[in-house]
Number of protein chains: 2
Amino acid sequence: MEFRHLRYFVQVAEDLHFARAAARLGISQPPLSQQIRQLEDELGVRLLDRTSRRVTLTYAGGMFLDAARRTLAEADKAATVARRAASGELGELRVGFNASAPFIPQVAAAIHAYRLRYPDVQLALSEVAGPAQVTAILADALDVGFLRSAAAPALPPELTATRILRERLVVATRPDHPLAGRAGLRLADAAAHPLVVYASDRSGGFTEELFALMRASGAEPRIAQTVREVSTLLGLVAAGVGITVVAESLCALQSAGLVYTSLADDSAVSAMWLVHAAASPPAAANFVAIVTEVAG
Amino acid sequence: MEFRHLRYFVQVAEDLHFARAAARLGISQPPLSQQIRQLEDELGVRLLDRTSRRVTLTYAGGMFLDAARRTLAEADKAATVARRAASGELGELRVGFNASAPFIPQVAAAIHAYRLRYPDVQLALSEVAGPAQVTAILADALDVGFLRSAAAPALPPELTATRILRERLVVATRPDHPLAGRAGLRLADAAAHPLVVYASDRSGGFTEELFALMRASGAEPRIAQTVREVSTLLGLVAAGVGITVVAESLCALQSAGLVYTSLADDSAVSAMWLVHAAASPPAAANFVAIVTEVAG
DNA sequence: CCGATCGATACGTACAGCCTATCGATCATG
DNA sequence: CATGATCGATAGGCTGTACGTATCGATCGG
């Protein structure tokens, strides 16, 4: 049985007239009769009762007509699915992001724009620490990932990173802290006070990068407390446990016990990167395109 | 796109190896490569990434694989549906029956046996008066019908009637009625008493046949009351409104106010017939076969 | 009774799908 | 690093089959 048989049969069943059906199908009548007969022989079932004057569906023919239509529709759907999947309009996209990514307006805007443009792509968002994202993408557990890194992250050749945002670092303190609001504040000043920082396994390298910057400015940082979440970090700063240094976009999180003070150092910058496989699935490539367009 | 393409693609996707897939498909490797390529060209989508060492599904290929499997399954189902419908194992069967048919054990047994043997046939049972059944079958609103008639019913040539039961008539009266239990009771005796009978439009000809029998026995029947249902008929007899004559199988309906007395006349018989179109749908033919086997 | 209609049959043809043979690329191995 | 094995792609020839034209046989209306 081939699709030809189904297409021909459906047309004959609709017209109940071999010559007309053949004309619609763009063939002549004899081969149409042959193909219908061939289909009946293969099924071992008479689908049409035909005299030289009238063609009617048998009971089995009526049942088969429905099933044949369903089969043709399913085949159509298969072709459409393939094309849409290839163009990235259909499927699933697994996006990883670190703790600070959601607070970046450009990232949120890009995700929103992507959802509007590709509504049939199932977005699977998951919070993953920076380095773990790279591993996850390599293991095909993730398609793309947002991670923070001052410089371009070192990646295996099959992965690509695009910088989507470059931002300054700020110091977060209690309002009554001596550093609060001080103009021309420098990293070395901040390093003189005990710090609340992310635990290394959660920071995705941010803490290490921060410490490296401080040491480069000639000060040795001291850890007051390590935490695992943004809310804890800022909560403990507001409680006076210590101060911390975060990316400027985190200023979106305001609180009565918190003030953010700019750092004057040229080196006090950080960046968000979008990491993806060089051979990305179509949906991922579209996502990268939208993110670089909106946020880049 | 033809089924060939789907079958070939599914096999390659399962083996991820052209030569092995070709062997399983019973063809050689080159035409398999050609057909896959043809499929990809038609869809405009690359379904497989292939180097000379490794074959992998693209994302679109994976989505298409599912859809292709569904399409092939749908086609299989279409063939099965046609065959099962042709053999009468699938579909709908519309059975008409008159008021007395359900009380006949053979009819009930036949319907039960049919349900067991053909569980996937949707049985649509409907109560239809005898002559209306013939009209309904001719109008293709009914497939088969049970009706009561002393002699073979007059039918157009495209319909066939099979007698499935021949039974004697009995008189139904109150227990204190003078005819109750009288040995050798004859139709002429019964005709001497006022009768409760079905209204003509509901009786399906039974009342007319009964009156003809009574007149043939030399008596003129008198109507005490006409009714539209079996329960009303027997209820009014039990209430003493009159007596009635019914088929023996109705004795199954017992009541405190009712007794049945046999009629001695040779002519006091009735029969149930199964009517069906000569060109019945398969399910109807099977039904007729089972009924004649069980009840005939 | 005759012509029109319509599906089936007969038969020739062109193309497509399959075959075998071979190539080119990649990878494992000594 | 050279060599052989593996595997998909390509080339070219052959055959089956789906389609075309011509015609037949049956049925129905006028």
Side-chain angles (χ1 to χ4, degrees), chain A residues 1-58 60-62 64-65 68 72 75 157-158 278-279, chain B residues 1-58 60-62 64-65 68 72 75 157-158 278-279:
Chain A
M1 188 165 72
E2 291 294 340
F3 280 122
R4 186 181 48 245
H5 295 116
L6 301 186
R7 283 188 283 258
Y8 289 5
F9 172 72
V10 168
Q11 191 64 57
V12 173
E14 281 173 1
D15 289 348
L16 292 178
H17 192 289
F18 276 71
R20 261 195 294 278
R24 279 177 194 268
L25 290 166
I27 62 173
S28 60
Q29 171 261 319
L32 179 57
S33 293
Q34 283 176 10
Q35 292 296 316
I36 296 294
R37 182 190 175 77
Q38 199 176 89
L39 175 61
E40 289 178 328
D41 286 351
E42 186 180 335
L43 293 175
V45 171
R46 186 153 208 80
L47 300 172
L48 295 160
D49 281 327
R50 36 203 188 278
T51 68
S52 67
R53 300 308 292 177
R54 172 181 2 265
V55 177
T56 53
L57 276 173
T58 63
F64 185 72
L65 176 59
L72 291 171
E158 58 264 42
Chain B
M1 192 166 70
E2 291 294 340
F3 280 121
R4 187 183 43 257
H5 295 116
L6 302 186
R7 283 187 284 259
Y8 288 5
F9 172 73
V10 168
Q11 191 65 56
V12 173
E14 282 174 0
D15 289 347
L16 292 177
H17 192 288
F18 276 70
R20 260 196 295 280
R24 278 177 195 269
L25 290 165
I27 63 173
S28 61
Q29 171 260 316
L32 179 57
S33 293
Q34 283 176 10
Q35 293 295 317
I36 296 294
R37 181 189 176 78
Q38 200 175 89
L39 175 62
E40 289 178 327
D41 286 350
E42 186 179 336
L43 293 175
V45 172
R46 185 151 208 80
L47 301 172
L48 295 161
D49 281 327
R50 35 202 187 278
T51 69
S52 68
R53 302 305 294 176
R54 173 182 359 267
V55 176
T56 54
L57 275 173
T58 63
F64 186 71
L65 176 59
L72 290 172
E158 58 266 41

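Everything numeric in this text was worked out from a predicted model, so none of it was measured. Chain letters run A, B, ... following the sequence lines, proteins first, then strands; residues in each count from 1.
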Completion exercise
Of Ile27(A) and Arg54(A), the one whose nearest nucleotide on DNA chain D sits closer to the 5' end is Ile27(A)
Handout entry: Comparing Pro31(A) and Thr51(A) on DNA chain D - which has the more 5′ nearest nucleotide
Key = Pro31(A)
Problem - Ion pair check, Arg7(A) and Glu2(B), cut-off under 4.0 Å - result: yes
Exercise for the section: Mark yes or no for whether Gln29(B), through its side chain, and Ala22(B), through its backbone, hold a donor-acceptor pair below 3.5 Å. Expected result: no
Exercise for the section: Kindly say whether His5(A) contributes a backbone atom to a donor-acceptor pair with the side chain of Gln38(A) at under 3.5 angstrom? Expected result: no
Exercise for the section: Go through dA18(D), dC18(C), dT26(C) for me and flag the one nearest to the Arg53(B) side chain. Expected result: dT26(C)
Problem - Of the listed nucleotides dC18(C), dG8(D), dG7(C), the one nearest the side chain of His17(B) - result: dG8(D)
Can you find a side chain N or O atom of [X] that sits less than 4.0 Å from OP1 or OP2 on [N]?
X: Ser28(B); N: dC19(C); answer: yes
X: Gln34(A); N: dT9(C); answer: no
X: Arg50(B); N: dA9(D); answer: yes
X: Arg37(A); N: dA8(C); answer: no
X: Ser33(B); N: dA9(D); answer: yes

Exercise for the section: Would you mind classifying the nucleic acid contact of Gln29(B) as base, sugar-phosphate or nothing, using non-hydrogen atoms under 4.0 angstrom? Expected result: base
Practice task
Looking at every strand, decide which applies to Arg4(B) at a 4.0 Å heavy-atom threshold: base, sugar-phosphate, or nothing.
Solution key: sugar-phosphate
Fill in the blank from the handout: Walking DNA chain C from its 5' end, the first of Gln38(B) and Pro30(B) to be reached, judged by nearest nucleotide, is Gln38(B)
Problem - Euclidean distance, Ile27(A) CD1 relative to Leu32(A) CG, rounded to 0.5 Å - result: 4.5 Å
Would you mind reading off the distance between [X] atom [atom1] and [N] atom [atom2], rounded to a whole angstrom?
X: Asp49(A); N: dG7(C); atom1: CG; atom2: P; value: 13 Å
X: Asp15(A); N: dC6(C); atom1: CG; atom2: P; value: 12 Å
X: Gln35(B); N: dT10(D); atom1: CD; atom2: C1'; value: 15 Å
X: Tyr8(A); N: dA18(D); atom1: OH; atom2: P; value: 9 Å
X: Leu39(A); N: dA18(D); atom1: CG; atom2: P; value: 12 Å
X: Leu25(A); N: dA18(D); atom1: CG; atom2: C1'; value: 14 Å
X: Phe18(A); N: dG7(C); atom1: CZ; atom2: P; value: 6 Å
X: Ile36(A); N: dC6(C); atom1: CD1; atom2: P; value: 17 Å

Exercise for the section: Please identify each residue that fulfils ring-ring contact (aromatic ring centres under 6.0 Å, His included) with Tyr8(A), with sequence neighbours left out. Expected result: none
